[in-house]
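Quick notes on the structure that follows.
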Amino acid sequence: MGAAISSALQVADTADPENLRWFIAQPAEGGSEKGDSVPAGSVSIETRSSVKSLSKHPTHYYKDGDVAFIVEDSVFRVHRSILEAQSNAMKDLYSIGEVHGKEDKVFDGVIAVRLNDSSKDFSNVLDIIYRRFPTSANRTTSSDEETTSSISPSDILHRLKLGDLVGVMRVAWKYELEDITNEAASQLDRLLPLATPQDIPKLDIYKADPGLALAANVINLSRECNLPQFGPMAFYALATSEWTTDNFQALSSVFPILSAQMHLRLNAGRVALQKAIMEAVIKNQEPCATCSSFPWPDLAKTILHPLEILNREETVDEDETPRQTCGDCVQSAKNTKEKLLKEVLDKLPAIFKP
């Protein structure tokens with residue numbers, strides 16, 4: 001679990017009650033800036049010029065908490081016993097954050113550990129944990145603040161936006177919070193599209209903004225959390241997105257989310273998908289023996305958006321003048337589309353392997 005933490009921190013007291021001053025500390029390797037040797041396993045303290053101001057989290061900063069986490073710009077002060085009841089992996093976080101030294105260098109007697117996570121996602125996870133283990137600890141927030149202590153963890157997950165649910169899943173998986181992981185995975189199975197005909201309409205969740213960013217985050221989720229079933233359709237959504245002035249900003253938001261390797265896989269998958277569709281459609285573009293018509297949707301649209309076009313019931317585009325077709329070729333086209341749709345869906349995991 002050491003990879004889950006980017007650094008350990010000690011806390012220095014401050015006169016400002018709303019903001020805490022933190023001395024960023026990292027495991028010593030070769031010594032201090034002055035060249036003095038530092039014992040292995042100790043913590044070196046940065047100068048005051050590098051001190052960063054952080055804020056107490058408005059909900060999860062408990063006065064009687066015995067461990068603190070720094071996530072982005074927020075400080076979470078929580079209870080070891082409650083977190084350890086959820087996951088043994090949390091103990092590793094504390095051991096990495098332990099500081100051997102004088103206790104007067106620790107803010108309120110609490111060692112703080114920095115986590116490389118989203119503050120919003122971490123807060124959502126704590127919402128679930130603390131609803132499962134009610135505590136009488138006093139928050140720093142006002143007493144009349146609305147609480148959800150009577151809501152079950154499942155209820156909290158149901159109330160999250162899909163993007164937040166993905167974030168909770170990643171944090172829960174990372175810290176081996178098994179109960180939350182199972183509940184979040186169950187809801188994702190219901191909400192995210194899988195490579196099946198009945199789930200093609202769910203692709204709408206990946207359209208426009210912020211759907212494309214969601215697709216990129218789902219790709220990362222599928223790799224990080226061993227959920228390969230969600231990757232192909234998320235890849236497909238990005239691969240078939242058209243660059244227009246309307247969605248340029250949404251598409252641009254994808255670049256920093258995916259790694260360079262994932263961008264290469266996305267482009268390779270796009271080419272492989274278009275090639276497979278073109279070969280399949282051209283192979284079946286033969287005139288009907290009865291009426292000599294070509295009862296097939298627009299070829300260009302089929303190549304650009306194969307699943308959506310092949311999943312449509314009609315054999316002629318709504319924007320086009322209906323072709324003169326007979327019953328035999330219409331039924332033949334329908335059968336061919338169903339066959340090709342199944343072939344494409346079966347190939348997606350191989351074409352877009354995360």
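Scope of the values below: all heavy atoms of this structure, side chains included, with no hydrogens, waters or symmetry mates.
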Q: Before accepting this row, confirm whether a basic side-chain N of the pair R170/D121 lies closer than 4.0 Å to the acidic partner's carboxylate O.
A: no
Q. Are K342 and D346 within salt-bridge range, i.e. N to O under 4.0 Å?
A. yes
Please find the pair of heavy atoms, one from [X] and one from [Y], that lie closest to each other, and give the distance.
{"X": "P197", "Y": "L341", "value": "CB-CD2, 4.4 Å"}
{"X": "I205", "Y": "P193", "value": "CD1-CD, 3.6 Å"}
{"X": "A234", "Y": "A215", "value": "CB-O, 3.5 Å"}
{"X": "D117", "Y": "K174", "value": "OD1-NZ, 2.8 Å"}
{"X": "N311", "Y": "P201", "value": "ND2-CD, 4.4 Å"}
{"X": "S87", "Y": "L177", "value": "CB-CD2, 3.6 Å"}

Okay, side chain of [X], backbone of [Y]: is any donor-acceptor separation there less than 3.5 Å?
{"X": "K207", "Y": "S241", "answer": "no"}
{"X": "K202", "Y": "R190", "answer": "yes"}
{"X": "D164", "Y": "L160", "answer": "no"}
{"X": "S186", "Y": "N182", "answer": "no"}

In Å, rounded to the nearest 0.5 Å, how long is the span from [atom1] of [X] to [atom2] of [Y]?
{"X": "T181", "Y": "N226", "atom1": "OG1", "atom2": "CG", "value": "12.0 Å"}
{"X": "F122", "Y": "D127", "atom1": "CZ", "atom2": "CG", "value": "11.0 Å"}
{"X": "I200", "Y": "Q198", "atom1": "CD1", "atom2": "CD", "value": "8.5 Å"}
{"X": "L348", "Y": "E343", "atom1": "CG", "atom2": "CD", "value": "12.0 Å"}
{"X": "K337", "Y": "L310", "atom1": "NZ", "atom2": "CG", "value": "6.5 Å"}
{"X": "L340", "Y": "I309", "atom1": "CG", "atom2": "CD1", "value": "13.0 Å"}

Q) Using 30° and 60° as the class limits, which term best fits the ring planes of H60 and Y62: parallel, tilted or perpendicular? A) tilted
Q. Taking the six-membered ring for Trp, are Y130 and H79 parallel (under 30°), tilted (30 to 60°) or perpendicular (over 60°)?
A. tilted
Q: Evaluate the side chain to side chain contact (heavy atoms under 4.5 Å, CB included) criterion for residues I111 and V67: first the C-alpha distance (whole Å), next the side-chain angles of each, then the deciding distance (0.1 Å), finally the verdict.
A: CA-CA 6 Å; I111 300 299; V67 66; over 6 Å; no
Q: Go through the steps to decide whether K161 and L165 satisfy the test side chain to side chain contact (heavy atoms under 4.5 Å, CB included), and finish with yes or no.
A: CA-CA 6 Å; K161 295 180 180 178; L165 181 60; over 6 Å; no
According to a hydrophobic-cluster definition based on side-chain heavy atoms being under 4.5 Å apart (Ile, Leu, Val, Met, Phe, Trp, Tyr only), do [X] and [Y] belong together?
{"X": "L227", "Y": "V218", "result": "yes"}
{"X": "M169", "Y": "L258", "result": "yes"}
{"X": "L238", "Y": "V271", "result": "no"}
{"X": "F352", "Y": "L264", "result": "no"}
{"X": "L203", "Y": "L162", "result": "yes"}

Q) Does E224 CD have over 12 foreign heavy atoms under 6.0 Å away? A) yes
Check: [Y] and [X] side chains under 4.5 Å, non-hydrogen atoms:
{"X": "F69", "Y": "L126", "result": "no"}
{"X": "S74", "Y": "E72", "result": "no"}
{"X": "S222", "Y": "Q229", "result": "no"}
{"X": "L273", "Y": "V344", "result": "yes"}
{"X": "L83", "Y": "V78", "result": "yes"}
{"X": "K275", "Y": "E279", "result": "yes"}
{"X": "R77", "Y": "K56", "result": "no"}
{"X": "M262", "Y": "F235", "result": "yes"}

Q. Among L192, L307, L194, which one satisfies side-chain contact (heavy atoms from CB on, under 4.5 Å) with M233?
A. L307
Q: Apply the side-chain contact (heavy atoms from CB on, under 4.5 Å) test between I257 and each candidate in N220, L212, I219, L214; give the one that qualifies.
A: N220
Q) Do Y61 and F76 have ring centres separated by under 6.0 Å? A) no
**Q.** Near-ring test F255/H263, centroid separation under 6.0 angstrom
**A.** yes
Q) Could you walk me through whether I128 and V168 pass the side chain to side chain contact (heavy atoms under 4.5 Å, CB included) check? A) CA-CA 10 Å; I128 299 170; V168 165; 4.1 Å; yes
Q: Just do the side chain to side chain contact (heavy atoms under 4.5 Å, CB included) check on H305 and E242 with the steps written out, would you?
A: CA-CA 10 Å; H305 306 286; E242 299 182 48; 2.6 Å; yes
